[in-house]
Amino acid sequence: MAANLKLREEKTRGPLSLDNNCDLCAIPLPNLPRSLQYGIIAFTSVVCYLNSLDYDLVHDDVFAIKENLDIRPETPLRNILSNDFWGKPMWSNRSHKSYRPLCALTFRMNYAIHGLTPFGYHAANVVLHSVVCLLYTFMCDTVAFKSANVLAFLAGLLFAAHPVHTEAVTGVVGRADVVACMLFLLSFLAFIRSTGNKGSYSIMYTVLCVILGSMAMLVKEHGITVFGVCIVYDVLVINKKLIWRVLNERKVHDVEMFKPLLIRILVLSTSALFLMVFRVWMLGGNLPYFTSQDNPASFSDSLATRVMTYWYLIAFNAWLLLSPSMLSYDWQMGSIPLVESPLDYRNLATVMFVMIAVLVVHSAVLSNRRHPTEQDILVLSLALLCIPILPASNLFFRVGFVVAERILYIPSMGFCMLVVCGLNKLASVVGHNGKTSSKDKVKDVPSNSRNETKASLNSPARVTSYMLHKILLSGIFVLVGLFCWKCVVRNRVWSSRETLFRSGVETLPHNAKAHYNYANFLKDVERNTEAMHHYETALRLAPNHVSAHNNLGTLLENSEEAMKHFSQAIKYDPYHANSYFNLGTRLASLKRLSEAEAMLKEAIRLNPSYLDAVMNTAGVLSNQGKHDEAKDFYKKALTLEPRNGDAHNNYAVFLGKMGRTSEAWVNYNTALQLNPNHTVALVNMGRQLSAAGKIQDAERAYKRALSIKREPSTLQLLGVMYYHNKQTRDAEVAWKQALDMEPSDVETRSNYAILLGQTNRLNEAVSILKGLVLDDPQNLGHYKTLAGMYAQNRQMNDALQVITNALKLHGGDADLYYHQGNFYKDLNNMQQAKKSFKMAVRLDPEHFSAHLNLGVIFHLEGKHAEARLHYEIAAKLDPDNITLKQNLAKLQRVEKRNNK
């Protein structure tokens, strides 16, 4: 009976109050086998991110993976050691200066296995995150909570499911933080082993700690902070008794006792110093270039603003860890306004954070030593939470972001430990309220006392304690469940560029950069109206956003408006080469060639390897007749990128214009060897072959281009070639196919109408031309062609009406008056014809045909002096014209007869 009673007591009693040498856990979680605990954590870490495996490579992944040549097998491996994380040389002023060769190496391994297929990159991230979760749990189990494996399990579970990790795990570039954390933990565990061993084993583990810590820094810069954590733990935990004794007695009894500690501090400090010197050397003498858009607080002129904002940002990061309800891929530009006044209510959050931080630090370091194990955990938690975030705090150097969630991946280890400590403390308080007093403790009692003992165990205090523990446990697992759900939901944001950038606009509508990024996506998918709206919103929120000005300018059809935005971009950033390039390109389209040349050359001065600027400058110089200088720029383009098909194609076009056809063929063929699918080179080659009369070769070039990509413009050119070669049926087929693909193309419709007119299908031709006049009333050619079709059909009045309508819109065009005069002449209305021709020569004194026709009319009217005047003017304009010579001869004969 006594044995049974004892068993029932074990089932019903509250959490044990243990001394410091035993299990300190007060949370009544079932004693699960450790293998099962680790299995649950691994399962949770994978399940939270399982839905991310099929997502695309987005945002920074594009630059670090898709466009980074360093991860390709054909690129020498040594490039990873000399270039930054994005594949740019570290010495370049265009480099971001982020040196992470080991992370880039993992991307290269991914690429070697499966190319750019996103699944492998995401799967690697999820597996690495799971490994980190298990390592973290192991560290908590063996170093922090020791025998309280339940607390280690809960800390690992919280870490595995924390939603703030989604950017680091689901965003592939976040691998840098995940791998750095893994190496961070391995380095710290090696350090712990070095303190627990002596002799060669201690040295071996110390060296391993330094190697792993150095590798962590080569994955992500703040990996170096593991050495700071090791030193703090060594001083305040491992050697705390020694330090406290010296502080209390103010006397060192035995220097030898400090020797291991001092050697470890010296080794770790020297290693950290050497790594920092190496990192500074790798900057190549240039600090990374940031703008006020990247980190507004660091550019503020007010010291008070900078200090208040920096402290608030620390509190904000802590809040993200505590309540990750609102997350964003970007927190720049208006997301978190500067704290510019002491009266700003956000200072209250800062003050509250500082007060809590001071209390926690006091409990960890300065309070009495009644609970040394709890204090050791607090020290490690604070070290893990605070030290790794120092490089991102702006306290030592400017960083290129306001808040970055993936930076919190390593600090969140300390945060999860603090949360578990708090929950454990709460559980111990609850358990203390329901403890059985010493006189009520169950002993081996006779059976007739059993009912009394049972009543003691079921006292109201114990029942209340039991219920509170159940509520606490339920709350913990509900929290973990909510975290898992939040991770799964948050992952969906990273599924594509559209979902990611749209989420930024929805979450932080005052973030100008979020609108800018979303506009870039919309621009790429040709949703230009929406893109312009978001660029304009970005500029309303941040009028000095250089890239928004530049990109909006590229979408505007109105060149004057576009150039205003390019000029604004240059005003805010005189070193923005793209804006100079775009401004120069617009000026060239307006035939303002000298201005365009100046802008393009400035773009090249700012970025000497700007290939597009070099090629466009060559084209502008060629159009100005500066052929020698243009040739030099084309050759410079080939020097910059000798394997660039576009450069060879452009040079070939230039050589063709210069009549150097054999050299042009060589460059066209080189372009096609470099890129067999270079349709632009094929089309340009077809044009040149057609101009040279090599119709069959031109036809093959056009058809090859069409076999690669059926473009309406290529079919249009093929039709023109057929038309000029009298292959009207083939021309008609080509133009019909072009119109099927692009029914609104003006040039093809016009050419097809002309072909219909020449094949006497005048009604169809007139119908098409009427549509062209309605669609494009500013194009005079359509009016003239339509009038010509009416005239060909002997519908002179209709032809005259078309020209009269055109003159209402374009009354200053001499050629229209000339055509009007011709139609009046055909209608035998010579007086009106004469008025029209006179108007034509008034608008254009060098209009040969109008002078000739006026001469004929005056000649027929017998006004020989006026006739001779116009004939002679016409003779100066075209002295070899046969009709004019004949008319002059007739006039001379008439004048001779009259003089007789």
Side-chain angles (χ1 to χ4, degrees), residues 59-60 64 84-86 96-100 103 162 164-169 171 173-181 183-184 213 216-229 232 272 275-276 279-280 282-283 287-300 305-322 324 327-333 335-336 338-339 349-350 353-354 357 381-416 513:
H59 199 30
D60 289 342
D84 69 11
F85 189 49
W86 316 98
H96 196 267
K97 306 298 182 181
S98 48
Y99 187 65
R100 303 163 193 172
C103 186
H162 204 298
V164 85
H165 296 160
T166 51
E167 182 178 4
V169 182
V173 165
R175 182 181 300 179
D177 296 89
V178 177
V179 178
C181 186
L183 293 167
F184 185 107
M217 191 202 76
L218 295 176
V219 173
K220 187 71 180 278
E221 289 79 0
H222 63 287
I224 195 175
T225 58
V226 66
F227 298 130
V229 173
V232 168
L275 288 169
M276 285 190 287
R279 188 64 183 82
V280 171
M282 283 303 299
L283 290 174
L287 291 173
Y289 175 70
F290 299 124
T291 67
S292 60
Q293 298 171 5
D294 299 315
N295 187 354
S298 65
F299 284 87
S300 174
T305 296
R306 293 200 299 273
V307 171
M308 288 188 293
T309 303
Y310 290 159
W311 275 103
Y312 174 71
L313 290 177
I314 294 172
F316 186 84
N317 277 292
W319 181 252
L320 278 182
L321 288 169
L322 186 63
L327 300 174
S328 176
Y329 77 94
D330 188 277
W331 291 92
Q332 293 180 332
M333 299 189 68
S335 302
I336 304 176
L338 300 182
V339 183
T350 302
F353 166 78
V354 171
S381 301
L382 290 172
L384 290 171
L385 178 60
C386 300
I387 295 176
I389 208 170
L390 285 176
S393 65
N394 286 288
L395 295 177
F396 304 106
F397 47 82
R398 178 182 290 160
V399 297
F401 53 86
V402 179
V403 171
E405 290 163 17
R406 59 177 176 251
I407 293 293
L408 298 175
Y409 190 84
I410 294 177
S412 66
M413 293 192 295
F415 173 79
C416 291
K513 190 175 179 183

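Since we're looking at a predicted model, the values are computed, not measured.
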Please assess Leu320 against Phe316 for the test side-chain contact (heavy atoms from CB on, under 4.5 Å), listing each intermediate value before the final yes or no. CA-CA 6 Å; Leu320 278 182; Phe316 186 84; 3.8 Å; yes
Has [X] got a side-chain atom pairing as donor or acceptor with [Y]'s backbone, closer than 3.5 angstrom?
| X | Y | result |
| --- | --- | --- |
| Glu405 | Ser328 | yes |
| Lys220 | Asp177 | no |
| Glu221 | Tyr99 | yes |
| Arg175 | Cys103 | no |

Atom pair [atom1] ([X]) and [atom2] ([Y]), whose distance is rounded to the nearest 0.5 Å:
| X | Y | atom1 | atom2 | value |
| --- | --- | --- | --- | --- |
| Ile407 | Asn317 | CD1 | CG | 9.5 Å |
| Met413 | His162 | CE | NE2 | 13.0 Å |
| His222 | Ile387 | NE2 | CD1 | 13.0 Å |
| His165 | Leu408 | NE2 | CG | 8.0 Å |
| Leu390 | Ile224 | CG | CD1 | 12.5 Å |
| Ile389 | Ile314 | CD1 | CD1 | 7.5 Å |

Test side-chain contact (heavy atoms from CB on, under 4.5 Å) on Val339 and Trp311 and set out the steps. CA-CA 10 Å; Val339 183; Trp311 275 103; over 6 Å; no
State, with a plain yes or no, whether a side-chain heavy atom of Phe415 is found less than 4.5 Å away from one of Leu322. yes
Side chains of Val402 and Lys513 in contact at under 4.5 Å (non-hydrogen atoms): no
Minimum heavy-atom distance [X]-[Y], with the two atoms named:
| X | Y | result |
| --- | --- | --- |
| Ala349 | Ala315 | O-CB, 4.2 Å |
| Ser300 | Leu338 | CB-CD1, 4.5 Å |
| Ser335 | Asp330 | OG-O, 4.1 Å |
| Phe227 | Gly213 | CZ-CA, 3.8 Å |
| Val403 | Trp331 | O-CD1, 3.6 Å |
| Ala176 | Arg100 | CB-CD, 4.4 Å |

Step-by-step side-chain contact (heavy atoms from CB on, under 4.5 Å) determination, Thr225 to Ile410: CA-CA 10 Å; Thr225 58; Ile410 294 177; 5.6 Å; no
What's the verdict on side-chain contact (heavy atoms from CB on, under 4.5 Å) for Leu275 and Arg279, showing C-alpha distance, side-chain angles and the deciding distance? CA-CA 6 Å; Leu275 288 169; Arg279 188 64 183 82; over 6 Å; no
